[in-house]
Amino acid sequence: MDYLKIKGIDSLQGSIKIAGAKNASLPLIAMTILAKNKLNIENLPDVVDIKTLLKLLTNLGAQCSFEEHHVSVDTKNIHETRATYDIVKTMRASILVLGPILARFGHCEVSLPGGCAIGQRPIDLHLKALEQMGAEIDIKAGYVETKAPNGLKGCEIIFDKITVTGTANIVMAAALAKGTTTIVNAAREPEVVQLCEILNNSGVKIKGIGTSVLKIKGTNGKLVDIKDFAIIPDRIEAGTYLCAAAITNSELTITDVEPKHLDAVIRKFEEMGFSFTLTKDTITIYPANEIKPVKIITQEYPAFPTDMQAQFMALATQANGTSIIEERLFENRFMHVSELQRMGADISLNGHIATVKGKTELSGTDVMATDLRASSALVLAGLIAKGETDIHRIYHLDRGYDSLEKKLQNAGAKVQRLKE
Ligand code: EPZ
């Protein structure tokens, strides 16, 4: 198994290119199940989760060839409708094939995704909505068995909670349904917006894109003609490298990014004393005279993303004063706290609220990655810690960061991937 060895540095410099968004790629790859044509997708991140989903589609009978951030997908010959445990256990986002397969074939069986490091993460809202669309749902031997022999029917769905993959799943189910589906309290994340825009350009009429009320006019079972497209930039990868610059108090430019997707994140950096130059597709961050403490509450888009919480916690250890970080989306998303404390951070927890006292000097040591974003926070801490930091279980990082150590090395970081 690989681990990362990081030596603390003074600063980063130059620029880092941002890859395509993992959390846009996953629903968009699942969406190809609705296509009657073979299509090409550009700007895919080279990360493990993408390969896992392409493997799942291949197991179902699709032809996929993925190389150099490009994939051609042909789902014409899909004949399997069962997403098996061996794949789903490695990536809960596999649930994203449920909506499109059920809509296309009238039945689908998906292994129930268990909980994960950051929380229970139930899929009850996905299932409740499909039931409202006329699906029969049964949980048998660890599998969700769904069928809609007469096809899915449009209706009004009001989500009790905003769910990103839940919204994506129902948008894809509604795309082939009879009549119009209205989703109230829908997710507005840029990743959901791109899914809706692509389907809308492929003959599925969708109103309210980017708002919390989506109206989807289904094709009544007809597959759609989807044109080739490129994945939007990864706003969380972008935010992570901006955090790397901030924690090392460096000037750094990130390129191939969509600045407006990071409004709430940039606002928090500015509150901490950092400044920026934004262009159409680049963001340059400048050092702060003094890193100030911050108050953060994680919420749904366009508010501050939970996927940036851990990285800002690492940064807050270097602020002069006390920061308060409240995690409102996931009940167990503070796994990085104990590892940062091992490096010398002064963090106390009270339920969903973390209090971070700074500025504290961090020391390099052995730490354990527990989930994707927690592991990126440990990388950030390692960049400024005294001595060497060894981060273990970095398979978590590889699930969602494309060439992380190479990108950091090119910006001047002393980071190596080594074998245990
Ligand atoms: C997506 O997960 C992202 N994953 C997550 O990113 C991200 O943290 C999350 O949205 C929130 O922004 C992908 O897009 C693949 P949710 P998702 O359904 O869709 C509860 C990363 O680091 N809920 O919006 O699974 C749920 O438990 C990952 O890249 C239900 O109760 O998240 C949570 O508390 C981690 N029932 C809240 O809603 C349901 O049926 C939001 O979850 C569904 C969700």
Side-chain angles (χ1 to χ4, degrees), residues 19-31 45 47-50 52-53 56 88 90-99 110 112-132 137 139 144 157-173 183 185-195 212 231-232 234-240 261 264-265 297-311 327-333 335-336 352 369-377 396-402:
K22 167 183 79 78
N23 291 348
S25 306
L26 295 170
L28 288 163
I29 290 171
M31 173 201 70
V47 296
V48 172
D49 277 10
I50 300 303
T52 303
L53 191 56
L56 172 53
V88 179
T90 65
M91 183 184 71
R92 50 177 308 96
S94 311
I95 194 70
L96 283 163
V97 301
L98 175 56
V110 179
L112 254 182
C116 92
I118 66 175
Q120 279 305 308
R121 303 186 72 181
I123 57 164
D124 57 318
L125 301 175
H126 301 229
L127 303 183
K128 189 174 154 203
L130 289 172
E131 226 158 20
Q132 285 175 270
I137 300 201
I139 311 284
V144 184
I157 289 160
I158 305 179
F159 275 134
D160 300 336
K161 255 186 182 178
I162 296 174
T163 161
V164 175
T165 49
T167 301
N169 236 335
I170 301 309
V171 165
M172 293 188 277
I183 306 177
N185 206 23
R188 292 181 280 164
E189 272 66 5
E191 297 78 25
V192 173
V193 167
Q194 187 176 26
L195 173 71
S212 59
I231 302 284
I232 57 172
D234 195 316
R235 61 193 168 99
I236 305 299
E237 185 199 20
T240 304
H261 291 167
V265 173
I297 300 173
T298 67
Q299 293 173 79
E300 298 85 1
Y301 191 87
F304 187 90
T306 172
D307 295 348
M308 283 302 303
Q309 178 255 99
Q311 299 92 317
E327 172 57 53
R328 284 201 185 160
L329 262 80
F330 292 106
E331 67 274 23
N332 190 33
R333 201 165 205 180
M335 299 289 278
H336 40 284
H352 293 281
T370 48
D371 61 80
L372 174 60
R373 308 305 171 182
S375 25
S376 67
H396 288 290
L397 270 174
D398 296 337
R399 290 190 55 181
Y401 286 97
D402 183 338

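As the structure is a computational prediction, the values presented were derived from the model and not from experiment. All ligand and atom numbering here is 1-based and tracks the order in the structure.
- When only non-hydrogen protein atoms are considered, atom 40 (O) of ligand 1 lies nearest to L125 N, 2.8 Å.
- Applying the 4.0 Å criterion to heavy atoms of L372 picks out, from ligand 1, the atoms 22 (O), 29 (O).
- Across R373, M91, K161, E191, heavy-atom proximity to atom 20 (C) of ligand 1 is greatest for K161.
- Of all the heavy atoms of T165, the ones lying under 4.0 Å from any atom of ligand 1 are found in both the backbone and the side chain.
- Within the 4.0 Å heavy-atom criterion, both parts of T163, backbone and side chain, lie near ligand 1.
- Of all protein heavy atoms, the one lying nearest to atom 24 (O) of ligand 1 is V164 N, 2.8 Å.
- Scanning the protein for heavy atoms near atom 33 (C) of ligand 1, the closest one is L329 O, 3.4 Å.
- The contact set between ligand 1 and I123, taken as ligand atoms under 4.0 Å from a residue heavy atom, comprises 39 (C), 40 (O).
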Result block: side-chain N/O donor-acceptor pairs under 3.5 angstrom for residues 297-304, not counting sequence neighbours:
{"residue": "T298", "atom": "OG1", "partner": "E327", "partner atom": "OE1", "Å": "3.4"}
{"residue": "T298", "atom": "OG1", "partner": "E327", "partner atom": "OE2", "Å": "3.1"}
{"residue": "T298", "atom": "OG1", "partner": "R328", "partner atom": "N", "Å": "2.8"}

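- The single protein non-hydrogen atom nearest to atom 41 (C) of ligand 1 is I162 O, 3.8 Å, given as residue, atom name and distance.
- Looking only at protein heavy atoms, the nearest one to atom 14 (O) of ligand 1 is N23 CG, 3.3 Å.
- Listed by number with element, the atoms of ligand 1 under 4.0 Å from a non-hydrogen atom of H126 are 40 (O).
- Counting only heavy atoms from C-beta outward, the side chains of D398 and V47 never approach each other to under 4.5 Å.
- Proximity of D124 to ligand 1, defined as any heavy-atom pair under 4.0 Å, is shared by backbone and side chain alike.
- The closest approach between Q299 and ligand 1 stays at or above 4.0 Å for every heavy atom of the residue.
- Contacts between R333 and ligand 1 below 4.0 angstrom, taking non-hydrogen atoms only, involve the side chain exclusively.
- Nearest protein heavy-atom contact of atom 2 (O) of ligand 1 is R121 NH2, 3.2 Å.
- Here the protein heavy atom with the shortest distance to atom 42 (O) of ligand 1 is F330 CZ, 4.0 Å.
- Closest approach of L96 and P27 over heavy atoms only: CD1-N, 3.7 Å.
- At least one heavy atom of K22 sits closer than 4.0 Å to an atom of ligand 1.
- The closest donor-acceptor contact from the side chain of T167 to the backbone of A187 lies under 3.5 Å.
- Side chains of M91 and L56 form no contact here, defined as non-hydrogen atoms less than 4.5 Å apart.
- Between the side chain of D234 and the backbone N or O of K22 there is at least one donor-acceptor pair closer than 3.5 Å.
- With a 4.5 Å cut-off on side-chain heavy atoms, Y401 and H396 do not count as touching.
- Across P122, A168, A374, heavy-atom proximity to atom 43 (C) of ligand 1 is greatest for P122.
- Between the side chain of R333 and the backbone N or O of Q309, no donor-acceptor pair lies under 3.5 Å.
- Looking at heavy atoms from C-beta onward, R235 lies in side-chain contact with E191 at the 4.5 angstrom threshold.
- Between the D49 side chain and the G400 main chain, no donor and acceptor come within less than 3.5 Å of each other.
- If you check which protein heavy atom lies closest to atom 8 (O) of ligand 1, you get D307 OD1, 2.6 Å.
- With hydrogens and angles ignored, the 3.5 Å screen pairs a side-chain donor or acceptor of E331 with a backbone N or O of Q120.
- Counting only heavy atoms from C-beta outward, the side chains of T240 and D307 never approach each other to under 4.5 Å.
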